[in-house]
2 protein chains.
Amino acid sequence: MSDSADLKKAGLKATLPRLKILSILEAAKVHHMTAEDVYKALLETGEEVGLATVYRVLTQFEAAGLVIRHNFEGGRSVFEINQGSHHDHVVCVECGEVFEFYDPAIEERQRKVAESLGFDVDSHSLYMYGVCLGMKRHGHCSKKEGR
Amino acid sequence: MSDSADLKKAGLKATLPRLKILSILEAAKVHHMTAEDVYKALLETGEEVGLATVYRVLTQFEAAGLVIRHNFEGGRSVFEINQGSHHDHVVCVECGEVFEFYDPAIEERQRKVAESLGFDVDSHSLYMYGVCLGMKRHGHCSKKEGR
DNA sequence: CTTTTGCATGGGAATGATTCTAGTTTACAC
DNA sequence: GTGTAAACTAGAATCATTCCCATGCAAAAG
């Protein structure tokens, strides 16, 4: 259950930067962070880590299945901790908030489509972009900042 | 029906680079191209265009709804001509081939999910990544090149 | 058909995100 | 503890994309 054990299980040495990054991702209120976000959070805890390390570690975590990388609109990657349960995303283009949902019917239809193509699916992602309720109604929402 | 008219309708001057880029996208056999792909195709026709222009034009075309931009895995954007009919994508991570499909049931469920969140959806994208039949069976397929 | 006017272009520099390189440090097996 | 492979840091390098600005060209006006 400890982060240290999680890392070992993934075949990764339990180094300080890795432990810190993992705990930041786990503790994050907004749990979709860019590499830069993680780097800033590390600096705030007074940690001496290089941005290169953040990228390297996030990529290793992705390969190990500890985190999920998303390529949202705009080109930069965002990462979220992998809590086991697959879900899809709805992103507000005004405030940046990310909602998650899971729809078994959609998952099933995707599986069928892949099957009919003879495709072995490794991963799939479904993103919807639009304007959230708060921004529509009041021009702001819980996460007011734009981008 | 002419490209020139299409551009004017979109509020864009019918300049030579724009016409060329539009015709390349329309004629493309593999119709998911990166900006670099389009640039190379232009050079092959002997055209003197700057890469910056290609990016600028593709972005304008996207805004005008003439092309669709996709952010597949790997960071770079790919573009396809917008032929009106929405569809989703299945990408082979081995050979790079892109298959398209449309599933009304999935579309409908997405609509429902957005509605239940009070979300106005501008766009949505569904990508599945995996290994295509040809690569599984023979280690190669119609589009053998890797990436 | 020519002039006018302003948006469009080209190319190189700039930016932003991400990755590589070199030399140094650390985790962990013995 | 000690050795060794793996990991770390900082900064340089790379890649995709965008910016800047002097020049060019499309469309409107004459």
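As a basis for the values below, the full set of heavy atoms in this structure was taken, side chains included, without hydrogen atoms, waters or symmetry mates.
- Proximity note for A/Arg76 (side chain, C-beta onward) versus C/dG11, D/dC8, C/dT18: the nearest is C/dT18.
- Of all nucleotides listed (C/dG10, D/dC19, C/dA8), C/dG10 comes nearest to the side chain of B/Val49.
- Between the C1' atom of C/dT9 and the CG atom of B/Leu58 lies a distance of 15 Å, rounded to the nearest Å.
- For A/Lys13, the listed nucleotide lying nearest its side chain is D/dA5; candidates were C/dT18, D/dA5, C/dG6.
- Under a 3.5 Å cut-off, the side chain of B/Tyr55 and the backbone N or O of B/Ala35 do not form any donor-acceptor pair.
- The backbone N or O of B/Glu73 lies less than 3.5 Å from a partner atom in the side chain of B/Tyr129, making a donor-acceptor pair.
- Which of D/dA10, C/dC28, C/dT19 sits closest to the side chain of A/Thr59 comes down to C/dT19.
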* Asked: Hey, mind stepping through A/Lys112 and A/Glu108 against salt bridge (charged side-chain N to carboxylate O under 4.0 Å, His left out) and telling me if it holds?
  -> CA-CA 6 Å; A/Lys112 284 253 174 60; A/Glu108 175 58 12; 3.2 Å; yes

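- Defined by atom type and a distance below 3.5 Å, a donor-acceptor pair is missing between the side-chain atoms of A/His140 and A/Glu94.
- If you measure from atom CG of A/Asp37 to atom P of C/dT18, you get 11 Å, rounded to the nearest angstrom.
- You'll find that the side chain of B/Leu51 is closest to D/dT17, out of C/dG11, D/dC8, D/dT17.
- Out of D/dC8, C/dT19, D/dT17, the shortest distance to the side chain of A/Arg56 is found at D/dC8.
- Along DNA chain D, the nucleotide nearest B/Ser77 and the nucleotide nearest B/Leu12 are compared for position; the residue whose nucleotide lies closer to the 5' end is B/Ser77.
- The side chain of B/Lys8 lies closest to D/dA27 when the candidates are D/dA27, D/dC8, D/dT18.
- The residue B/Glu36 sits apart from the nucleic acid: no heavy atom pair falls under 4.0 Å.
- Nearest to the side-chain atoms of B/Thr15 among the listed nucleotides D/dA26, C/dA27, C/dG12 stands D/dA26.
- Considering only the side chain of A/Thr53, D/dC8 comes nearest among C/dT9, D/dC8, C/dG12.
- At a threshold of 4.0 angstrom between heavy atoms, the contacts of A/Ala14 are confined to the sugar-phosphate backbone, with no base atom among them.
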